[in-house]
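Within every chain, numbering begins at 1; the chains are lettered A, B, ... in the order of the sequence lines, protein sequences first and strands thereafter.
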Protein chains: 2
Amino acid sequence: MAALPEAKSPPTDAPKGRGRRGTRASGDDRERAILETAERLLEERPLAEISVDDLAKGAGISRPTFYFYFPSKDAVVLTIIDRLVADAAEGREQILTALAEHGPRAGLRASLENLYSAFRSRPGVVRAGSDLRPTNGEARDLWSAVMEGWVADVTAVIEFERSRGTAPDGPPAREMAIALVQMNERAQYATLLGEEPSLDRDHVLDVLIEIWLRAIYGEVVSD
Amino acid sequence: MAALPEAKSPPTDAPKGRGRRGTRASGDDRERAILETAERLLEERPLAEISVDDLAKGAGISRPTFYFYFPSKDAVVLTIIDRLVADAAEGREQILTALAEHGPRAGLRASLENLYSAFRSRPGVVRAGSDLRPTNGEARDLWSAVMEGWVADVTAVIEFERSRGTAPDGPPAREMAIALVQMNERAQYATLLGEEPSLDRDHVLDVLIEIWLRAIYGEVVSD
DNA sequence: GAACTGTATCAACACTGTGTCGAGAAGTTC
DNA sequence: GAACTTCTCGACACAGTGTTGATACAGTTC
């Protein structure tokens, strides 16, 4: 039970509703214990096979006490996903900048590589997020927003390349962007979770990027 | 309770394990009533909000009696999905033939249009199938097999076009096929269920086909 | 027409999991 | 040391799943 040495706690992050219901205090450890238990268990088995009791036990508290810290199992997972998404967004290289700096192929690769690295390390969490969407509106909204962000970026890239004359005309940029981003989502997810059929871990990006380039530039990009 | 007039019952289709457990008899009506109730309710609300009791009530029987006909709620949905998938496969035009007959763009369009028409009419069932995958291995396997079939077809197309010299080289045909089929799955699903962001009902195919053509032929196909 | 057999039905039960309530323990403040 | 806030949990109410055992109700079969 000895508290793990904490580098330093975030200065004054507003709890934002999802977490504990009361005010700030020291039962912070418990909250963290619950989150850590959830992350650990999610890498072991799917969300549906984890009960509130498992989370409580794992954090060394009783089930009712769990409800003091989180309103539901979903809320725990959403908190974890919030953070994962924030992590993924954090180091995000602007695609447009990356393209300008390294050229289309290398630029795209750098952006996507960087983007997906956050997800690759926690497949269980990714799966949980995906499992949550059917039943949980908040999860749906969160993911919608994430997708929307990517789509906006990619739309900008396509429009930019078209305006420069480096990419040919075609379907509206936003529509192309939606399809391409959806392809990436699906393919990366399948690969991450080892679905069948899915692309090989080491080839996913190669294949996806090739399709992006051909779709956007309307030709086989040599570079 | 009067039996609906049945055109004629299928001659001697083996029950194949999923349906009723006993032997053949006349409680066929009840089995059908359960399936119909499920289909109806699924277009009203998601699977998670439908209980075994709802299905039983809808079919005019008690909950235990439901279990005489199906081993679980999942089994009912799987039966429905089996049929939907069979429907979709049935009228399926061979892509290769369609391409040869109508050229790349029109051929692809004909194949995909035809394929997705079966799904478009029962979005609730599609959603249920998707909702089932996280928790139900059988659902996963079924969908895997479906995807595998499509991937095989598309792989053949790409290899054929490459061998004729009409399509340039690139990533292995199968890998391209996987990514493209996954894109379609995701995009069509999002559109069907009105996710945000998603492609407009009337544009999905245009956009997807354009990407397929550019990806496969490595150039903007004029035709 | 009595005994037999398989189909069909359901009340009652056992179980798992969620979320709530109310009584208190434990710490803090004045 | 009284009052307040934070934290904890036993006991409950509830919703849903799946099972058991008794029973009704055909048809046969003799």
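Annotation: salt bridge (Lys or Arg N to Asp or Glu O under 4.0 Å) contacts involving residues 200-209 of chain A, sequence neighbours excluded, comprise A/Arg109-A/Asp206. Within the structure, ring pair (Phe, Tyr, Trp, His ring centres under 6.0 Å) contacts touching residues 78-97 of chain A (residues at least two apart or in different chains) do not occur.
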- Note on the structure: Given protein heavy atoms under 4.0 Å, the one-letter contact record of nucleotides 10-20 of chain C, with B base, S sugar-phosphate only and - none, is simply BBB-----BBB
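If you measure from atom CZ of B/Phe68 to atom P of D/dG18, you get 17 Å, rounded to the nearest angstrom. Rounded to whole angstrom, the span from the CG atom of B/Asp28 across to the P atom of C/dT7 amounts to 13 Å. The interatomic distance linking A/Ile34 (CD1) with D/dC7 (P) rounds to 12 Å, in whole Å. Remark: C1' of D/dT17 and CG of B/Asp54 are 13 Å apart, rounded to the nearest angstrom. Here D/dA15 presents its P atom at 15 Å from CD of B/Glu49, a figure rounded to the nearest Å. Note: CZ (B/Phe66) to C1' (D/dG16) measures 13 Å, nearest angstrom. In this structure, B/Lys57 atom NZ and D/dG16 atom P are separated by 10 Å, rounded to whole Å.
Residues that satisfy the salt bridge (charged side-chain N to carboxylate O under 4.0 Å, His left out) test with A/Glu39, not counting sequence neighbours, are A/Arg122. B/Ala33 pairs by the side-chain contact (heavy atoms from CB on, under 4.5 Å) definition with B/Ala59, not counting sequence neighbours. Applying the salt bridge (charged side-chain N to carboxylate O under 4.0 Å, His left out) test to A/Asp54 and every residue at least two apart in sequence or in another chain returns A/Arg45.
A side-chain donor-acceptor contact under 3.5 Å links B/Asn184 and B/Trp212.
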